[in-house]
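Have a look at the structure below, then the notes.
To find a chain, count down the sequence lines: A is the first, B the second, and so on, and within it residues start at 1.
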Amino acid sequence: MTDQRPITDDSAAEMAKTYRPADIEPRVQARWLAADVFAPDGVGSRADQAKQPFVIIQPPPNVTGALHLGHAARGTVEDLMVRRARMQCRPTLWLPGVDHASIAAQFVLDGVLAAEGESRHSLGRERYLERMWRFMEETRSVIRDQQRRLGLSADWSRERFTMDEESAQAVRTSFKQLHDDGLAYRGEKLINWCPGCRTSLSDLEVIATPESGTLWSVRYHLVAREDATTVADDEPGPPETITVATTRPETILGDTAVAVHPDDERYRSLVGRRVRIPFVDRIVPIVADEMVDRAFGTGAVKITPGHDQADFETAQRHDLSVLDVMDDDGSINALGGPFAGLSGTDARQRMVAQLEASGDLVATTPHEMVIGRCQRSDDIVEPRIKVQWFLDMKPMAARAMAAVRSGRTRIVPKRYEKVFFDWLENIRDWNVSRQLWWGHRIPAWYCPDHHVTVSDKPAGPDSCGTCQRPAGELRQDEDIFDTWYSSGLWPFSTLGWPEATEDMRRYYPGTVMETGYDILFFWVARMMMLGEWLTARKPFETVLLSGLLRDPYGKKMSKTRGNVIDPLGVIDELGADALRFALVHGSAPGSDQRLGRSQLEGARNFGNKLWNAARFVLGSRPEGVPDGPLDLPVGGYLGPAEHWILARCARTVEEVEQAYTTFAFGEAARLLHDAIWNDYCDWYLEFAKVRLAAEDPPRQAATWAVLTWVLDRYLRLLHPIMPHLTEEIWGRLPSFPHEGELLIVAAWPDAAREKALADQAQARGVDGLIELVSGIRNARAEARIDPAAWLPAALHITDVDTASAYHRSAAAVERLARIRPRLVTDQVDLEVGEGALTVLIRGGEARLARGGSDPTLERERLSKELAEAERMLAETEARLANESFVKRAPGPIVQAARDRLIELEARVERLRARLSA
RNA sequence: GGGCGAUUGGCUCAGUCGGUUAGAGCGCACGGUUCACAUCCGUGAGGUCACUGGUUCGAAUCCAGUAUCGCCCACCA
């Protein structure tokens, strides 16, 4: 597939004088789509099908969502890995998709409906779901288009939705399997109830929130007549009481016991007696249980098993009845007697007032407590007793942990393994029932005799699995699954599971699963548990956890704070590449990053820099360089600077490769930024200009070949991070043999091959020249000499490599340092006039004409340098004088110190000589 | 209550296996209309590497402790 890209002088002319990402990016994206390079077997892909496929797994964004900065960050990192793998000729699969996000989507749609004067309830389940599907059609493309605008190279032809039929089948099959395995069960347990969302929630969706509350001490009256069964049977106003403490007086209505500690002397005699629950006609026992903390409150606890987890467990131990005194909306139900119909808060107020009036409120103390709130609606979550579906996670957790312990699945960064294990070791059963409408209906059917039949068939079971009653008499569970259940199946449900598809065979397990650490439990752990259990394989090799994005002050970005950065606004203004670069540049696995205007502008400036460098290179093609693919000339036509940049470039290839391999993408971005800006633009381009200007066609051609070759390497390395800009420039570059037409499928550079191109000794010489030029610039600036003035100078270069490099690049050095030098062989000849400037480098010395500057400035500068050199000399001497250093430090370190000592001695001596002159 | 992370110039962050003089960007100061780029170029100032102790010939780096900040987990009513 040798490329015939023409290199015309128009290439540069065509390039807009200013870098306009908004013009370039959509054009480049269209080019990729046309070439069909995103699919693993895409027409334009050069994937080697014999290679191990690279499969990325991304959290599918919510279908109703808009691209936010977190999405952009995730997507950029995922895209970067896929692009690199593609350039390494691996077949790559990035299967994009959206999540139906049941509760979040209902939240959004309910808002839309409210604006239309409708509601979930006014529509009813069927019409609501129809409306939801229409809403999906409207919103679904939004996030996809936004992801594409970011330049994500996912295989869009495979886009999936967690509510599509394939996912539905995976949900049914998986649930049936878990039920058959005894891990899915229906039970009556305490669940988390959000009265606002009117559904149960998993423990993860309940946010513990600190709150200043009140601890009320309430007196309960003991029953006087042992045979009393109702309050009416008892004597009025019996004298004995027991005082309990509660933060939620309204739950008194659900009390079915009072508990004390078995060893508590204060209450020992009361155990086994009975008390009257205020407000309701109920008599309950006093029980002894070790769960009671004698030191807290009064040491006596009211037991409300229907609304408290600990109480529920106590109730089970003592065989107490469990009462739910709450309605779905959080109000008190009929069991609450006089308070039925009131909201929890209202009931509480009235009850406290009445208790106070009756004298049974003994104390009111402020109390700091933690209360559970709904992650979505912020409502106070109430524990309630319900019959719902649960998953016994312990056996699955054991497998997920084993996968990480054995190294089959790796978590990056490693420190999150501990967090992962802690959670899995203490995992509790997962309540998967949701009383919502938008989502996968639980595939469980009940017959009139309450037999449960779980079916994986789309139409449900033919008959009751226990009593064979016909399907017509069965009723399906009204509830749907927690959204995260279908998300947990994502790595394999998207590949055709439960069928043994070709995709499953080739692309499962995935290679890297990338996401933010905030959904480690919600999603990652569950994918691993479900994947290990259902497919008997790990779902992916590596878990790459990224950090969260924060504003420049380290605050979480939120709409209410108004500190959000809209990625689409950034893309429009500065470009997707700038956004991507900024996101990658500041990132490190597992660490949060701050992003603000300055980072984004810096990234845009970098793009601009690269654009202009390319414009220069393309515009400077020497006459006579033929059209068509170039060869990199070797041998005599390359100058020292060419060897230097080739050596630097090879090192960059190696370092960037290392960074990409270790997921240190921020480091890769920094390396490329510095290499392109400093090595290439600041130094090599300047050297090259001089060489291009010389009337020496073979050398001009060689220089230009190196300019394009090195630029080509940088573009390849940078492509995963800034794909559009690099693609655009690369398309205008002359090609080298054996290359494709699009950078996105061009070959990834090989460090060893690059290294072989450069002569290290010549490269070292240029390091000396750079030191010389920098030194001269410094001296001139400090002496306040006109930067444009050409100064007579004398050079005495002792280092062999530097001298050789100078001989071959004198014109460039002169131009960069703005000097008119003569080369001398002896320090005595270094005089260029009264009060000359002195520049000392490791491998030589330069003297510059003073150019009318103030001699005291020069003396100050040299004095400063001398002081610094003396300080370092003293340090080095001290170190070498230390016997144990010389004895114990490794040889090369000691030798380095000795070399340094010699160098510093010489430097000090010369500086002293110049100062005393 | 348990756990994790961070602490490096004014700001944001690099800093590998402990080893010469701790780097970069932004900001700041000075100087620049050199034909790729003012979204730029050149030069410079600015750092007790949070603190205390330890290990070591040698510590920003390893160990222990302290402080401050941030985060996660957690059924004391």
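Protein atom CG of D592(A) is 9 Å distant from nucleotide atom C1' of rG5(B), rounded to whole Å. Atom pair Y517(A):OH and rG3(B):P shows a separation of 19 Å (rounding to whole Å applied). Atom pair L424(A):CG and rC72(B):P shows a separation of 18 Å (rounding to whole Å applied). R777(A) has its CZ atom 12 Å from the C1' atom of rU34(B), to the nearest Å. Between the CD atom of Q593(A) and the P atom of rG5(B) there is a distance of 20 Å, rounded to whole Å. For F420(A) and rC71(B), the CZ to C1' distance is 20 Å, given to the nearest whole Å. Computed from coordinates, the R861(A) CZ to rG44(B) C1' distance equals 13 Å when rounded to whole Å. Atom CD1 of I252(A) is separated from atom P of rA77(B) by 16 Å (rounded to the nearest Å).
OP1 or OP2 of rG44(B) has at least one side-chain nitrogen or oxygen of N778(A) nearer than 4.0 Å. Listed pair W677(A) / rC41(B) meets the phosphate criterion, a side-chain N or O lying under 4.0 Å from OP1 or OP2. Between rU43(B) and R784(A), no contact under 4.0 Å exists linking OP1 or OP2 to a side-chain N or O. Taking side-chain N and O atoms only, R594(A) has a distance below 4.0 Å to OP1 or OP2 of rU12(B). Applying the 4.0 Å criterion to OP1 and OP2 of rA14(B), one finds that H585(A) has every side-chain N and O outside that range. Using a 4.0 Å cut-off, no side-chain N or O of K609(A) falls inside it from OP1 or OP2 of rA36(B).
Considering only the side chain of E782(A), rG44(B) comes nearest among rG44(B), rG19(B), rA36(B). For E313(A), counting side-chain heavy atoms from C-beta on, the closest listed nucleotide (rA36(B), rU12(B), rC75(B)) is rC75(B). Between rA14(B), rU21(B), rC40(B), one nucleotide has an atom nearer to the side chain of N605(A) than all others, and that is rC40(B). In the set rC13(B), rC57(B), rG19(B), the nucleotide with an atom closest to the side chain of R888(A) is rC57(B). Here the nucleotide nearest the side chain of F885(A), chosen from rG19(B), rA36(B), rG3(B), is rG19(B). Comparing rC71(B), rC57(B), rU43(B) by their nearest atom to the side chain of A889(A) picks out rC57(B). Picking from rC57(B), rU20(B), rU43(B) the nucleotide with the shortest atom distance to the side chain of R879(A) gives rU20(B). Nearest to the side-chain atoms of R550(A) among the listed nucleotides rA36(B), rG70(B), rU43(B) stands rG70(B). In this structure, the nucleotide among rC37(B), rA77(B), rU21(B) sitting nearest to the side chain of R900(A) is rU21(B). Residue P787(A) places its side chain closer to rG31(B) than to any other of rA77(B), rA36(B), rG31(B).
In this structure, A897(A) reaches neither bases nor backbone, as no heavy-atom distance under 4.0 Å exists between it and the strands shown. Residue-level contact check: H367(A) touches the backbone only, with heavy atoms under 4.0 Å from sugar-phosphate atoms and none from bases. Residue-level contact check: K418(A) touches the backbone only, with heavy atoms under 4.0 Å from sugar-phosphate atoms and none from bases. Across all strands shown, Y19(A) has no heavy atoms under 4.0 Å from either base or sugar-phosphate atoms. Counting non-hydrogen atoms under 4.0 angstrom, P890(A) reaches a base of the nucleic acid. Within 4.0 Å of E686(A), counting heavy atoms only, lies at least one base atom of the nucleic acid. Base contact: L685(A) has a heavy atom under 4.0 Å from a base atom. Looking at heavy-atom distances under 4.0 Å, D293(A) makes contact with a base.
Classification of the H673(A)-H585(A) ring pair by plane angle, with boundaries at 30° and 60°, yields tilted.
With 3.5 Å as the limit, one finds a donor-acceptor pair spanning the side chains of E313(A) and Q309(A). For the 3.5 Å distance criterion, the side chains of E205(A) and S202(A) qualify, holding a donor opposite an acceptor. Defined by atom type and a distance below 3.5 Å, a donor-acceptor pair is present between the side-chain atoms of N192(A) and D203(A). Y714(A) and D679(A) form no side-chain donor-acceptor contact under 3.5 Å, judged by distance and modelled atom types alone. A donor-acceptor contact under 3.5 angstrom links the side chains of D289(A) and H318(A), judged on distance only.
Rounded to a whole angstrom, the distance from the P atom of rG18(B) to that of rA59(B) is 13 Å. rA64(B) and rU55(B) are spaced 11 Å apart, taking the C1' atom of each and rounding to whole Å. Nucleotides rU68(B) and rC26(B), compared at atom C1', are 26 Å apart to the nearest Å. Taking atom P in both rU34(B) and rU43(B), one finds a spacing of 16 Å when rounded to whole Å. Rounded to a whole angstrom, the distance from the P atom of rU56(B) to that of rC63(B) is 16 Å. Here, rG23(B) and rG9(B) have their P atoms 15 Å apart, quoted to the whole Å. Taking atom C1' on both rG10(B) and rC28(B), the two are 9 Å apart, rounded to the nearest angstrom. Look at the C1' atom in both rG47(B) and rG15(B): the space between them is 14 Å, to the nearest Å.
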Please test K302(A) against D311(A) for salt bridge (charged side-chain N to carboxylate O under 4.0 Å, His left out), starting from the C-alpha separation and ending with a verdict.
-> CA-CA 8 Å; K302(A) 59 191 275 309; D311(A) 290 3; 5.7 Å; no
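Nucleotide rU61(B) forms a pair with no other nucleotide shown, judged by Watson-Crick or G-U wobble geometry with both contacts under 3.5 Å. Nucleotide rG42(B) forms a Watson-Crick or G-U wobble pair with rC30(B), both donor-acceptor distances falling under 3.5 Å. Shown here, rC35(B) forms no base pair; nothing in the strands shown gives a Watson-Crick or G-U wobble contact with both key distances under 3.5 Å.
Enclosure of atom CZ in R784(A) is not indicated, since only 12 or fewer non-hydrogen atoms of other residues, nucleotides or ligands lie within 6.0 angstrom.
Remark: of the listed residues K864(A), E870(A), R871(A), R871(A) is the sole one forming a side chain to side chain contact (heavy atoms under 4.5 Å, CB included) with E868(A).
Residue side chain K17(A) does not reach the base of rA36(B) through any donor-acceptor N/O pair under 3.5 Å, judged by distance alone.
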